[in-house]
Protein chains: 2
Amino acid sequence: MSEALARRTQQQRSESTKALLLEATLDLIAAMGWANASTAAICERAGVSRGAQTHHFPAKTDLLIAAIKRNTSRFDEEFEQRTGLDGSPRLPLDEYLDLLWQGSQQPGFLECWIEALVAARTDPDLRERVADIDARAIGAMKEQSARTDAAVTPDSDLYDLIELTIYLLRGMALQRGVHASEANQKRLFELWSALVRNHLDQNNRDPG
Amino acid sequence: MSEALARRTQQQRSESTKALLLEATLDLIAAMGWANASTAAICERAGVSRGAQTHHFPAKTDLLIAAIKRNTSRFDEEFEQRTGLDGSPRLPLDEYLDLLWQGSQQPGFLECWIEALVAARTDPDLRERVADIDARAIGAMKEQSARTDAAVTPDSDLYDLIELTIYLLRGMALQRGVHASEANQKRLFELWSALVRNHLDQNNRDPG
DNA sequence: AATAAAACATACCAACCGGTCTGTTTGCGT
DNA sequence: ACGCAAACAGACCGGTTGGTATGTTTTATT
C-alpha cells in the first residue's frame with residue numbers, strides 16, 4: 001500500500017519518536033511529577049515501545065535532561081521573537097515583565113522546570129546538567145531584559161531585578177501546585193512590577 | 001541493672017520513637033529528597049524497627065505530614081519568640097525581613113518544605129493537608145509582620161509584600177539546590193529588602 | 001542483491017518499595 | 001498477680017521500576 005508515505009529517513013524516524021517521547025515525558029512530569037513518571041508510562045503515552053525508548057535514551061535521566069532542554073528552548077525562542085533583535089523600538093520593561101508572567105502561566109512549563117530542579121538537587125547524574133541548562137536560561141532572560149527600555153545605565157540593578165523576578169515566579173509556581181490562587185498571584189505580581197519599575201526610575205533618573 | 005533508667009511511660013516511649021522517626025525523616029528528605037527517602041532507610045537512620053514505624057505512622061504520607069508539621073512549628077515558635085507578643089518595642093521591619101532570611105538559610109528547612117510542596121502537587125493524599133499547613137505558616141508570618149514597626153496603616157501592602165517575600169525565598173532555595181550561590185542571593189535579598197522598605201515609606205508617609 | 005547498521009519490539013530480571021501479618025515485649029489498670 | 005492493650009520486632013508479599021539482553025524490522029551502503 002502507501003509505501004511512499006511509510007518510507008521515512010532514519011533521521012526522520014529517529015527524531016519523530018524522540019519528539020513523541022519528549023512530549024510524553026513533559027506531559028507526565030507536569031501531570032504526576034518526575035518521581036512518579038515511570039518509563040513504562042512515558043512509553044505508553046508516547047505510543048512507543050520500551051525498546052525504542054532505551055535506544056534513544058538509555059537512562060531515565062537522559063529523558064529528563066532532553067525533555068527540559070526542549071521545554072526551555074521552546075519558550076526561549078518565543079521570548080527571543082517577542083523581544084526582537086534588530087532595530088525595532090525597545091520593548092517597554094512593563095511588557096517584558098508581563099511576558100515573563102505569561103510564560104510562567106504556560107501550563108506545565110514551570111511545573112516541569114521545578115520538578116527538574118528538585119530532582120537534580122539530590123541526583124548527582126542530574127545536578128550539573130540541570131544547573132547548566134538553568135544558568136543558560138536565566139542568562140538568556142537577562143540578555144532579553146537588556147533589550148528593553150529599562151537598560152539605561154550599565155550599572156543599574158536591572159539584571160538583579162530580573163533574577164529576583166525569576167525566583168519569585170518559581171516560588172509562585174511552587175505555591176500553585178497546592179493552592180489555586182492565580183488571581184491573587186496576578187495581583188501580587190503587579191505590585192512586584194510596580195516596585196521594580198519604581199526602583200529603576202528612581203536610580204536611573206537623569207543618567208547623564 | 002538500671003531499671004529505673006530503662007523504665008519509661010508508654011507515652012514517653014511513643015513520643016521518643018516518634019521524634020526519632022520524624023528527625024530521621026527530615027534528615028533524609030533534606031539529603032536525598034522525599035521520593036528517594038524510603039521507609040526502610042528512615043527506620044535505619046532513626047534506629048527504629050519497621051514495625052514501630054508502621055505502628056505510629058501507618059502510611060508513608062503520614063510520616064511526611066508529621067515531619068513537615070514539626071519542621072514548620074519549630075521555626076514558627078522561634079519566630080514568635082523573636083517578634084515578641086507583649087508590650088515590648090516593635091521590631092523594625094528590616095530586622096524581621098532579616099529574620100525571614102535567616103530562617104530560609106537554616107539547613108534543611110526550606111529543602112524539606114519544597115519537597116513537601118512538590119510531592120503534594122501530584123499526590124491527592126498529601127495535597128490538602130500540605131496546603132493547609134502551608135496556609136497556616138504563611139498566615140503566621142503575616143501576623144508576625146503586623147507586630148513590626150511597618151504596620152502603620154491597615155490598608156498598606158505589608159501582607160502582600162510578606163507573601164511576595166516568602167515566594168521569593170522559596171524560589172531562591174529552589175535555586176540553591178543546584179547552584180551554590182549564597183553570597184549572590186544574600187545581595188539580591190538585600191536589594192529586595194530595600195525595595196520593600198522604600199515602598200512602605202512612600203505609601204505610609206504622614207499616616208495620620 | 002548482499003551486508004551492515006540503525007530503529008524498534010519484547011521478554012526478562014534483580015532490586016526495591018510500601019503495606020500487611022504474625023509474634024513478642026513492655027507498661028498499665030485492676 | 002493477672003489480663004489487656006500499646007509498643008515494638010521481623011518476616012513476608014504483590015507490585016513496580018529501570019536497566020539489560022535478545023530478536024526483528026527498516027533504512028543505508030556498496
Side-chain angles (χ1 to χ4, degrees), chain A residues 1-22 24-25 28-29 31-67 115 119 122-126, chain B residues 1-22 24-25 28-29 31-67 115 119 122-126:
Chain A
M1 49 185 82
S2 58
E3 266 186 26
L5 251 169
R7 186 98 185 167
R8 289 186 303 167
T9 303
Q10 295 281 56
Q11 189 181 357
Q12 282 173 330
R13 295 211 296 161
S14 177
E15 288 181 1
S16 166
T17 64
K18 274 191 199 173
L20 285 172
L21 280 168
L22 295 184
T25 301
L28 285 188
I29 292 176
M32 52 210 299
W34 173 244
N36 302 324
S38 68
T39 55
I42 292 172
C43 291
E44 189 186 352
R45 174 104 175 194
V48 160
S49 77
R50 191 108 164 62
Q53 174 249 308
T54 59
H55 177 67
H56 293 292
F57 306 98
K60 198 195 174 189
T61 55
D62 298 326
L63 214 40
L64 177 63
I65 294 294
E115 291 279 341
T122 55
D123 187 334
D125 293 345
L126 284 173
Chain B
M1 46 183 81
S2 60
E3 264 186 28
L5 253 169
R7 187 95 184 171
R8 288 187 304 167
T9 300
Q10 294 282 56
Q11 189 181 357
Q12 282 174 329
R13 294 211 296 161
S14 177
E15 288 182 0
S16 165
T17 64
K18 274 191 198 172
L20 284 172
L21 281 168
L22 295 185
T25 301
L28 285 188
I29 292 176
M32 51 210 303
W34 173 244
N36 301 323
S38 67
T39 55
I42 292 172
C43 290
E44 189 186 353
R45 174 104 174 197
V48 160
S49 76
R50 192 105 162 64
Q53 174 250 307
T54 60
H55 178 67
H56 294 291
F57 305 99
K60 198 195 174 190
T61 54
D62 298 328
L63 214 39
L64 177 64
I65 295 294
E115 291 279 340
T122 54
D123 187 334
D125 292 346
L126 284 175

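Just so you know, these numbers come straight off a predicted model, no measurement behind them. Throughout, protein chains are lettered first and strands after them, A, B, ... in sequence-line order, and every chain is numbered starting at 1.
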Rounded to whole Å, the CG-P distance (B:L63 to C:dC17) equals 14 Å
Practice item. Flag yes if more than 12 heavy atoms outside A:Q12 fall under 6.0 Å of its CD atom; otherwise flag no. Key: yes
From NZ of A:K18 across to P of C:dA7 the rounded distance in Å is 8 Å
Atom CD of A:Q10 and atom C1' of C:dA4 are separated, to the nearest Å, by 11 Å
Check: So, is B:T9 near the phosphate of C:dC28, with a side-chain N or O under 4.0 Å from OP1 or OP2?
Finding: yes
Quick note, B:R7 side chain, CB onward, closest among C:dC28, D:dA7, C:dC8 is C:dC28
For B:L21 and B:I42, the nearest pair of non-hydrogen atoms, with its separation, is O-CG2, 3.9 Å
To the nearest angstrom, the CD-C1' distance between A:E44 and C:dT10 comes to 15 Å
When rounded to whole Å, the NE2 to C1' distance for the pair A:H56 and C:dC8 reads 8 Å
Under a 4.0 Å heavy-atom criterion, the protein footprint on nucleotides 10-25 of chain D, written with B, S and -, is B------SBBB-----
If only atom types and distance count, is the side chain of B:E115 paired as donor or acceptor with the main-chain N or O of B:W34 below 3.5 Å? yes
Looking only at atom types and distance, does a side-chain atom of A:D123 sit under 3.5 Å from a main-chain N or O of A:A119, one as donor and one as acceptor? no
From the list A:K18, A:R13, A:Q11, side chain to side chain donor-acceptor pair (under 3.5 Å) with A:E15 holds only for A:Q11
When every non-hydrogen atom of B:T122 is compared with those of A:A31, the smallest separation belongs to CG2-O, 3.6 Å
Checking A:R50, A:H56, A:H55 against A:Q53 for side chain to side chain donor-acceptor pair (under 3.5 Å), the one that qualifies is A:R50
From the candidates C:dA7, D:dC8, D:dA6, the one with an atom nearest any side-chain atom of A:H55 is C:dA7
Scanning both residues in full, the closest heavy-atom pair of B:S49 with B:C43 reads O-SG, 3.9 Å
B:F57 and B:D62 have their tightest heavy-atom pair at CD2-O, 4.0 Å
Exercise for review: Would you indicate, yes or no, if D:dA6 has its OP1 or OP2 atom less than 4.0 angstrom from a side-chain nitrogen or oxygen of B:S14?
Suggested key: no
If each end axis of the helix from C:dA1-D:dT30 to C:dT30-D:dA1 is fitted on five C1' pair positions, the angle between them, to 10 degrees, is 10°
